[in-house]
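Take a look at the structure below.
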Amino acid sequence: MFGGSVPDEEVQANDGCPSVKSASAWINRQPSTDGAKARLVVSVRLNELEQWMAFRVEGEDPADLSLELRPGGEGYAGIVGYREPLGRQPRERVSILCNGRLIGEVAQIHSVY
């Protein structure tokens, strides 16, 4: 679940970034009929009823997945999803950014079988 610090609403209103209501991440290891490998899945719920997209950005630590939120995209308003194949270096946490600023994080990633 969400475990990061969140700036006050006044700062968020000034930079146009949404606030994070909750965030979770898990490794999907369930067998699939199409032979897909295990994937890391991230789900973010926002306190905004607008559409946002998540893009992976390079960070200093390969165990930390950094996702930058940007307005737009397709899907459900207020919900952002991200998936990536499981790499050699397992992810240990997810940082959620907007305009380069940390707005949320997931400190624990569990496996689902």
Side-chain angles (χ1 to χ4, degrees):
M1 291 302 289
F2 178 69
S5 59
V6 179
D8 61 44
E9 291 179 20
E10 183 178 329
V11 171
Q12 291 172 357
N14 291 336
D15 69 3
C17 290
S19 62
V20 175
K21 183 186 281 186
S22 66
S24 59
W26 62 93
I27 298 170
N28 183 352
R29 296 184 185 274
Q30 296 179 4
S32 66
T33 57
D34 63 1
K37 304 277 187 202
R39 293 186 174 278
L40 173 66
V41 180
V42 180
S43 177
V44 181
R45 291 189 176 269
L46 305 172
N47 283 323
E48 306 261 333
L49 291 178
E50 297 175 13
Q51 292 179 323
W52 290 79
M53 306 180 276
F55 293 89
R56 184 171 58 91
V57 294
E58 294 301 320
E60 296 175 16
D61 185 352
D64 184 15
L65 172 63
S66 296
L67 297 176
E68 177 78 25
L69 297 186
R70 297 182 189 151
E74 299 178 6
Y76 297 102
I79 300 174
V80 179
Y82 177 85
R83 295 171 190 237
E84 71 176 21
L86 201 58
R88 293 182 187 193
Q89 168 84 29
R91 303 290 191 174
E92 296 176 9
R93 71 198 149 272
V94 178
S95 297
I96 303 161
L97 310 168
C98 181
N99 295 330
R101 181 175 56 80
L102 181 69
I103 61 170
E105 65 182 354
V106 178
Q108 294 182 332
I109 301 173
H110 300 285
S111 289
V112 177
Y113 294 91

_Glu68 CD to Cys17 SG distance, which is reported to the nearest 0.5 Å_ = 7.5 Å
_Let me confirm one number: the CZ-CD distance from Arg39 to Gln30, rounded to the nearest 0.5 Å._
13.5 Å
*Can you tell me how far CG of Asn99 sits from CZ of Arg70, rounded to the nearest 0.5 angstrom?*
10.0 Å
*Does CZ belonging to Arg45 count more than 12 external heavy atoms closer than 6.0 Å?*
no
*Can you spot which of Asp64, Val44, Ile109 makes a side chain to side chain contact (heavy atoms under 4.5 Å, CB included) with Val94?*
Ile109
*Taking all non-hydrogen atoms of both residues, which atom of Tyr113 and which atom of Arg29 are closest, and how far apart?*
CE2-CD, 3.3 Å
*Rounded distance [0.5 Å steps], CD in Glu84 versus CD1 in Ile27*: 10.0 Å
*Single-linkage hydrophobic cluster Leu67~Leu86, side-chain heavy atoms < 4.5 angstrom*: yes
*First locate atom CD of Glu105, then atom OG of Ser66, and finally report the distance between them rounded to the nearest 0.5 Å.*
10.5 Å
*Can you see which heavy atom on Ala54 is nearest to which on Tyr82, and at what distance?*
O-CD1, 4.1 Å
*Should Glu92 and Asp61 count as side-chain neighbours, where that means a heavy-atom distance under 4.5 Å?*
no
*Report the residues that fulfil side-chain hydrogen bond (donor to acceptor under 3.5 Å, both in side chains) with Glu58, sequence neighbours left out, ordered by chain and then residue number.*
Arg56
*Looking at CD1 of Ile103 and CG of Leu46, how far apart are the two atoms once the value is rounded to the nearest 0.5 Å?*
6.5 Å
*Taking atom CZ of Phe55 as the centre, report whether more than 12 heavy atoms of other residues, nucleotides or ligands fall under 6.0 Å from it.*
yes
*Shortest non-hydrogen contact from Pro18 to Glu48?*
CB-CG, 3.3 Å
*Contact summary for Cys98 and Trp52, nearest pair of heavy atoms*: SG-CZ3, 4.3 Å
